[in-house]
Amino acid sequence: MNTIHSGKKAAALAALNYLEEGMLVGVGTGSTVNYFIDALASWRDRLQGAVSSSEASTARLRAIGIEVIDLNRAGDLALYVDGADEVDPHRRLIKGGGGALTREKIVAAASRRFVCIVDPSKQVEVLGQFPLPIEVIPMARSYVARRMVGIGGHPVWRENLITDNGNQIIDVHGLSITDPLTLESTLNDIPGVVTVGLFAHRKADVVLIGREDGVIELT
Ligand code: 5RP
């Protein structure tokens with residue numbers, strides 16, 4: 001296993017410390033979360049179940065015998081565990097590299113504590129080196145892309161990807177996101193935008209960074 005994957009796994013295992021007996025846990029999406037899901041097997045009989053942020057995570061959770069519950073039936077959650085594409089020192093995130101940003105943002109919003117699990121390659125001082133994913137209604141894709149050019153970005157359509165919600169994704173390159181709160185609000189206001197992959201308003205409460213010398217906890 002290379003150092004990136006061992007960092008992902010170390011962070012994922014550290015997130016098990018946030019679980020409590022009888023919990024209904026929110027589960028994100030991606031390769032880091034997959035380590036967390038695999039480790040949840042040892043918690044199967046002690047959890048009420050999980051609320052999932054994607055069809056992929058749902059299938060993986062079910063495969064190890066964890067019941068997946070619809071968020072509409074679950075109410076607010078005590079804990080959400082998910083990865084990220086970038087993390088800044090204030091625990092604000094870029095997410096959506098795996099295309100699951102909309103459901104991830106909903107489950108994060110419905111959770112009292114968001115624990116983000118990453119390897120050190122995800123740490124940045126200023127968000128925006130990773131292209132910002134934006135989920136759009138298909139007919140609005142070119143319109144939203146032109147608006148992104150208007151703010152100095154370089155939008156690229158993630159072709160061949162339809163999200164779990166039947167939408168499309170554009171990845172916006174070249175943004176230096178010095179004010180993520182304002183940018184998130186501004187982009188949310190563009191007609192046709194479903195979800196912006198900036199998690200600044202609902203940022204992580206805890207970031208666990210799996211480093212070679214141990215797991216660092218940012219709070
Ligand atoms: C999926 C996400 C993921 O959390 C993000 O892409 C990180 O993925 P990985 O854990 O595979 O590095 O936001 O939409």
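We count ligands from 1, going down the list as the structure has it; atoms in each ligand are counted the same way. On a predicted model such as this, the values are computed, not experimentally measured, just so you know.
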Would you say Arg113 has more than 12 foreign heavy atoms packed within less than 6.0 Å of its CZ?
no
Gly28 to ligand 1, any heavy atom closer than 4.0 Å:
no
Using only heavy-atom distances, determine whether the side chains of Thr102 and Glu135 contain a donor-acceptor pair under 3.5 Å.
yes
Evaluation steps, side-chain contact (heavy atoms from CB on, under 4.5 Å), between Thr3 and Glu212:
CA-CA 7 Å; Thr3 52; Glu212 277 185 59; 3.4 Å; yes
Ser54 contact mode with ligand 1 (heavy-atom cut-off under 4.0 Å):
neither
Classify the contact between Val118 and ligand 1 as side chain, backbone, both or neither, using a heavy-atom distance cut-off of under 4.0 Å.
neither
Min N/O separation Gly30 to ligand 1 under 3.5 Å
no
Side chains of Ile162 and Asn167: closer than 4.5 Å at any heavy-atom pair?
no
Restricting to non-hydrogen atoms, name the atom on Val87 and the atom on Cys116 that form the minimum distance, rounded to 0.1 Å.
CG2-SG, 4.5 Å
Checking His5, Lys8, Lys9 against Ser31 for side chain to side chain donor-acceptor pair (under 3.5 Å), the one that qualifies is Lys8
Counting from 1, what ligand 1 atoms have a heavy atom of Lys122 closer than 4.0 Å?
7 (C), 9 (P), 12 (O)
Go through ligand 1 atom by atom and flag the ones less than 4.0 Å from a non-hydrogen atom of Gly83.
4 (O)
Only heavy atoms of Lys95, strictly under 4.0 Å: list the atoms of ligand 1 that pass.
2 (C), 3 (C), 4 (O), 13 (O)
Ligand 1 atoms nearer than 4.0 angstrom to some heavy atom of Thr32 are 9 (P), 10 (O), 12 (O)
I need the atoms of ligand 1 closer than 4.0 Å to a non-hydrogen atom of Asp85, numbered in the order shown.
5 (C), 6 (O), 7 (C), 13 (O)
In the protein, which heavy atom is nearest to atom 1 (C) of ligand 1, and how far is it?
Glu104 OE2, 3.1 Å
Could you please spell out the steps behind the side chain to side chain donor-acceptor pair (under 3.5 Å) verdict for Ser57 and Ser52?
CA-CA 6 Å; Ser57 290; Ser52 170; 4.7 Å; no
Say whether Ser185 and His201, considering side chains only, have a donor N or O and an acceptor N or O under 3.5 Å apart.
yes
Give the atom numbers and elements of ligand 1 that come within less than 4.0 Å of a heavy atom of Ala100.
14 (O)
Non-hydrogen atoms of Val144 and Pro191 that approach each other most closely:
CG2-O, 3.9 Å
Where is the nearest protein heavy atom to atom 11 (O) of ligand 1: which residue, which atom, and how far?
Ser31 OG, 2.5 Å
With heavy atoms of Gly96 as the reference, note each atom of ligand 1 found under 4.0 Å away.
2 (C), 13 (O), 14 (O)
Note: ligand 1 atoms sitting under 4.0 Å from heavy atoms of Thr29 are 1 (C), 2 (C), 3 (C), 4 (O)
